[in-house]
Amino acid sequence: MKLAAAQAFMQKYLLDGWLVHDFRGNNTVLAQLLPGKRWTTRRAVLWVPARGEAVLLAHGIDAGQFRAVPEQVKGVRVENYLSWRELHAWLRKVVEGGGGGARVAMEYAPGATLPVVSIVDAGTVELVRSMGVEVVSSADLIQATVAVWSDDAVKRHAEASCKVAGIKDAAFGLIRERLAAGKGVTEYEVQQHIMERFKEAGLETPDPPIVGVNAHSADPHFEVSATSPSSINRGDWVLIDLWARVPGDENIYSDITWVGVCAKEPTPRQREIFNVVKKARDASVKLAQESWRAKQTVQGWQLDEAARAEIIGAGFENFIRHRTGHSLSPGAFVHGMGMNLDNLETHDTRAMLPGIGFTVEPGIYLPESDGGFGVRLEINLWVDPAKGPVVTSCVQEEVVCMTGRVEQNS
């Protein structure tokens with residue numbers, strides 16, 4: 001299925017082949033195209049022509065690692081090599097098969113613009129270029145293959161999103177109940193409450209969630225301390241960032257961030273920041289959806305700009321600390337292999353393609369000298385091939401007030 005999608009993409013965009021080069025497991029793209037856990041010690045190369053049979057070249061010592069590939073992936077043949085001379089001769093044979101001046105995609109990004117794609121070393125790229133071919137980035141080709149959600153993944157993501165939303169509500173509810181009873185609660189207790197609920201719901205996560213109170217909420221990657229966590233008291237501001245999925249590397253994480261205040265209502269400053277971030281989030285979603293309806297290509301950097309323009313326009317440029325969003329795709333990691341919403345840390349020129357998913361999560365983080373709290377509002381989107389970008393997670397519209405009713409969006 002993935003190889004067929006790759007060939008369809010290459011034919012559409014006039015690419016002659018895709019050369020996936022791996023050394024000691026450094027190229028995760030190969031592992032996603034050819035499923036299975038392996039431990040390799042030498043170079044392995046997969047050649048996917050725009051038309052015809054794909055070929056994997058593996059060193060003889062590692063041959064056993066790939067013996068099952070022809071049975072697992074239809075349309076892939078396995079060959080072996082011993083010396084570097086054989087490897088170079090094989091490379092020349094396959095890339096020259098595309099004809100003079102062939103265009104070959106590799107895990108490379110011009111000027112290292114996309115670190116997530118810049119996998120193949122410069123020397124290997126130079127070697128392939130010396131064979132008379134044009135090397136281009138496989139960035140969008142990766143998206144069209146390994147970053148696309150399967151029909152089953154869409155269903156499992158919806159299941160995870162529903163459960164994660166409920167667990168988020170329960171976390172804020174725990175804080176509210178403890179405060180109402182005059183009992184204390186810490187960041188760590190809330191975090192562990194979420195972890196227990198994940199387990200009960202049959203969800204998996206590689207890392208515990210972020211529960212940050214006051215100044216801790218202004219640290220985008222704050223780590224809760226198990227030994228000296230801060231307590232959450234009346235009047236405090238709380239940010240909760242949680243992510244989980246139905247087990248399985250083909251399934252997609254539901255990754256959301258909500259904020260609340262331990263009071264009847266937020267302060268004017270808290271409400272101001274919340275509304276700016278909310279406007280930024282919605283501006284990015286609007287551009288994604290309007291571009292789809294207009295049948296116009298939109299790239300990751302543009303979706304980032306749409307959100308950050310709202311924050312900058314409101315005078316909070318100095319309090320932006322990260323890009324607007326990251327890819328959600330199959331694989332072991334929460335941050336996937338597809339398009340990021342980024343024109344801050346990188347200039348992401350990957351297109352918003354049908355079938356991919358991503359987060360939208362702008363944030364404003366104020367230092368202690370200016371209130372000492374952060375607001376991030378994170379949601380998930382999937383690009384339905386028929387309908388375009390649709391929101392797949394719960395969406396926060398108001399600050400959760402934890403001495404009143406807890407808002408629930410599922």
Side-chain angles (χ1 to χ4, degrees), residues 1-15 18 32-33 50 74 138-165 243 245-246 248-256 281-307 324-331 334-342 348-361 377-395 397 409-410:
M1 177 68 74
K2 292 179 179 178
L3 294 179
Q7 291 184 319
F9 184 93
M10 287 189 284
Q11 291 169 29
K12 181 177 180 180
Y13 292 98
L14 304 179
L15 297 174
W18 186 6
Q32 294 199 53
L33 291 173
K74 185 178 179 181
S138 62
D140 277 331
L141 183 52
I142 292 172
Q143 286 208 99
T145 52
V146 302
V148 169
W149 297 14
S150 67
D151 291 342
D152 190 59
V154 173
K155 294 176 184 177
R156 298 289 80 77
H157 176 73
E159 177 185 343
S161 292
C162 183
K163 291 180 177 179
V164 168
W243 52 93
R245 69 178 178 185
V246 175
D249 278 353
E250 285 299 308
N251 294 330
I252 312 297
Y253 287 92
S254 177
D255 186 3
I256 61 172
R281 178 196 70 196
D282 294 347
S284 187
V285 174
K286 181 180 179 182
L287 176 60
Q289 294 177 335
E290 288 185 346
S291 296
W292 179 272
R293 286 194 292 268
K295 297 182 179 180
Q296 296 175 342
T297 298
V298 67
Q299 298 177 338
W301 71 270
Q302 293 169 304
L303 297 175
D304 177 57
E305 284 288 303
T324 294
H326 63 79
S327 167
L328 291 170
S329 72
V334 182
H335 291 207
M337 290 293 292
M339 174 195 76
N340 294 325
L341 279 58
D342 192 1
D348 199 319
T349 57
R350 288 175 288 183
M352 185 183 73
L353 298 179
I356 69 167
F358 52 89
T359 68
V360 178
E361 49 178 305
L377 303 177
E378 181 177 13
I379 61 174
N380 304 164
L381 274 76
W382 174 63
V383 185
D384 185 311
K387 301 176 183 178
V390 294
V391 177
T392 60
S393 64
C394 56
V395 180
E397 300 293 352
N409 283 322
S410 304

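Along the sequence shown, residues carry numbers from 1. FYI, side chains are in, hydrogens and waters are out, and symmetry mates aren't considered; it's all heavy atoms of this structure.
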Under a 4.0 Å N-O cut-off, is there an ion pair linking E159 with R245? no

With side chains defined as the heavy atoms from C-beta onward, is the minimum distance between V298 and L303 less than 4.5 Å? yes

Indicate yes or no: at least one non-hydrogen side-chain atom of W18 is less than 4.5 angstrom from one of S138. yes

Is the shortest side-chain heavy-atom distance between P389 and D384 below 4.5 Å? no

How about R156 and I252: do any of their side-chain heavy atoms sit closer than 4.5 Å? no

Check: H157 ring centroid to W149 ring centroid under 6.0 Å: yes

Within the 4.5 Å heavy-atom criterion, are N340 and R350 side-chain neighbours or not? yes

So does K2 pair up with E250, basic N to acidic O under 4.0 Å? yes

Side-chain touch D348/L341, heavy atoms, less than 4.5 angstrom: no

As a test of understanding, state which of V360, D255, T392 forms a side-chain contact (heavy atoms from CB on, under 4.5 Å) with I379. V360

Minimal non-hydrogen separation, Q302 against L287, with atom names: O-CD2, 3.5 Å

Using 4.0 Å as the upper bound for N to carboxylate O, is an ion pair formed by K286 and D282? no

Which residue, M339, M352, Q289, forms the side-chain contact (heavy atoms from CB on, under 4.5 Å) with V383? M352

Does some side-chain heavy atom of I356 sit less than 4.5 Å from a side-chain heavy atom of S327? no

Can you find a pair of side-chain heavy atoms, one from D304 and one from S284, that are under 4.5 Å apart? no

I'd like to know whether V154 forms a side-chain contact (heavy atoms from CB on, under 4.5 Å) with W382, so could you lay out the CA-CA distance, the side-chain angles of the two residues, the decisive distance to 0.1 Å, and finally the verdict. CA-CA 8 Å; V154 173; W382 174 63; 3.6 Å; yes

